[in-house]
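The next block holds one structure in the form of structure tokens; read it before the comments.
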Amino acid sequence: MFSKLKEIASGAAKSVGGQFAKASSAIADLAASLATRAAAAADLGRILDIIEMVPGVKFERPEIDAAYLDTLLAAVQMGELTLAIHYRKETEASVVRLHPLPAAAANELTVSDRFLAKVLINGDDDKPAIQMLINSEHLANNYRHVTADTLINALAFPIENVKGGFIIARSFRAIARPIAGWLLGIIFDQGEKLHRRLRGDRDDDEAQSPSPAEEERAEAEPAPVASDDGHIPSPEPKPNDPQPGPQ
């Protein structure tokens, strides 16, 4: 992987000019950097910046409402650019243009408390430069449906959708792969933690609540009635109850 990134860095810097020159140069710089180290959160910001360098690139601007948020697994937000990952019947991901959405606003829109935020890079004035908005219940149940290829395709689509974008698409996908792998690790880590927490809450609820069979038996058994002298008789032994031994 590292040697391939070095080749891409050298090739991207030499072979592309014209309208893609700026993006190609940035791809070469990032490829050279990734050839010597593991991907990190800052690289996600750099690759989103590269996408915006491509002339003619366009992003959808979806309407943010409860229906949109209900299917959201996670959204990585950097300024107005967001990598949104949804799960409906299958996983979908796309880079869209949105105003950053705090977890409190997402909870208000969905009348819930299931959204939370994870800061990936701190910015100025205690505001996150890059953060991940997480739909905790949905991610806990469906995080394993997310793949690195889904993330790579989402990052590459805006460039490949531009006329001539194929010129830099191959080198762009190569730098997107280690970054997508890093992001997938974050998603799985958060998903597993939330899954364990959700499972623990369910186990606690089950331990505190009587089973339906116990409830039915309690309802079927008549309460003991006191005799005239106030004595309450002992309940009749059940067939499976242990019998007292000889005194």
Side-chain angles (χ1 to χ4, degrees), residues 39-41 44-45 48 59-123 126-155 157 176 179-215:
L44 183 59
L48 290 174
F59 305 99
E60 291 186 5
R61 191 183 288 272
E63 181 181 353
I64 302 301
D65 55 17
Y68 182 87
L69 292 171
D70 282 343
T71 62
L72 184 72
L73 292 173
V76 183
Q77 306 176 109
M78 186 190 79
E80 286 198 357
L81 278 191
T82 296
L83 174 58
I85 307 158
H86 291 258
Y87 181 75
R88 296 178 178 93
K89 292 183 178 180
E90 59 184 22
T91 310
E92 302 169 4
S94 58
V95 179
V96 296
R97 195 177 290 283
L98 295 172
H99 290 293
L101 185 68
N107 284 326
E108 184 176 349
L109 281 170
T110 56
V111 194
S112 72
D113 60 355
R114 66 180 185 268
F115 283 89
L116 53 90
K118 178 178 176 61
V119 176
L120 301 179
I121 298 182
N122 285 309
D126 295 326
K127 293 182 179 178
I130 304 178
Q131 76 168 6
M132 181 185 291
L133 178 68
I134 298 171
N135 185 343
S136 58
E137 292 181 13
H138 200 35
L139 187 66
N141 291 323
N142 298 295
Y143 69 96
R144 290 188 177 277
H145 293 287
V146 185
T147 66
D149 284 341
T150 299
L151 302 177
I152 294 168
N153 290 338
L155 291 167
F157 177 78
I179 297 170
W182 166 83
L183 180 56
L184 187 67
I186 297 291
I187 290 170
F188 268 56
D189 179 64
Q190 294 299 306
E192 287 170 357
K193 288 178 180 176
L194 291 166
H195 182 74
R196 286 196 298 268
R197 185 189 306 171
L198 186 63
R199 186 175 59 189
D201 290 345
R202 286 174 177 167
D203 289 346
D204 289 344
D205 289 343
E206 289 173 2
Q208 294 171 9
S209 303
S211 68
E214 290 173 331
E215 290 178 343

Quick one, Val95 and Leu155 - any side-chain contact, counting heavy atoms below 4.5 Å?
yes
Give, for atom CG of Leu133 and atom CG of Leu139, the distance between the pair rounded to the nearest 0.5 Å.
11.0 Å
Heavy-atom closest pair (Leu72 atom, Ile85 atom, distance to 0.1 Å) is CD1-O, 3.5 Å
Heavy-atom closest contact (Leu183 atom, Met132 atom, distance):
CD1-CE, 3.6 Å
Answer yes or no: is there a donor N or O on one side and an acceptor on the other, between the side chain of Thr150 and the main chain of Val146, under 3.5 Å?
no
Check whether any side-chain heavy atom of Leu44 lies under 4.5 Å from a side-chain heavy atom of Ile121, and answer yes or no.
no
Residue pairs fulfilling ring pair (Phe, Tyr, Trp, His ring centres under 6.0 Å) with at least one residue in residues 96-123, sequence neighbours excluded:
none
Which heavy-atom pair separates Ala154 from Ser94 by the least distance, and what is that distance?
CB-N, 3.8 Å
Determine whether more than 12 heavy atoms belonging to other residues, nucleotides or ligands lie under 6.0 Å from atom CZ of Phe59.
yes
Tell me, yes or no, whether the heavy-atom count around Glu80 atom CD, taken from other residues, nucleotides or ligands under 6.0 Å, exceeds 12.
yes
Which of parallel (below 30°), tilted (30 to 60°) and perpendicular (above 60°) describes His86 and Tyr68?
perpendicular
Nearest atoms (heavy-atom pairs only) where Ala103 meets Ala117
CB-N, 4.0 Å
Non-hydrogen side-chain atoms of Leu194 and Ile134 separated by less than 4.5 Å:
yes
Looking only at atom types and distance, does a side-chain atom of Asn135 sit under 3.5 Å from a main-chain N or O of Leu69, one as donor and one as acceptor?
yes
Quick one: list whatever passes side chain to side chain contact (heavy atoms under 4.5 Å, CB included) with Thr82, sequence neighbours left out.
Ala75, Gln77, Ala84, Val96, Leu98
Arg114 side chain reached by Asp70 side chain, heavy atoms, under 4.5 Å
yes
Kindly indicate whether the side chain of Leu73, heavy atoms from C-beta on, has any atom under 4.5 Å from the side chain of Tyr143.
no
In this structure, CG of Leu101 is separated from CD of Gln131 (nearest 0.5 Å) by 8.5 Å
Closest approach of Tyr87 to His138 (non-hydrogen atoms, all atoms of both residues):
O-NE2, 2.9 Å
Should Ile130 and Leu48 count as side-chain neighbours, where that means a heavy-atom distance under 4.5 Å?
no
What are the two closest non-hydrogen atoms of Ala180 and Ala148, and how far apart are they?
CB-O, 3.9 Å
Do any pairs count as a side chain to side chain donor-acceptor pair (under 3.5 Å) and have a residue in residues 182-192, sequence neighbours left out, and if so which ones?
Asp189-Lys193
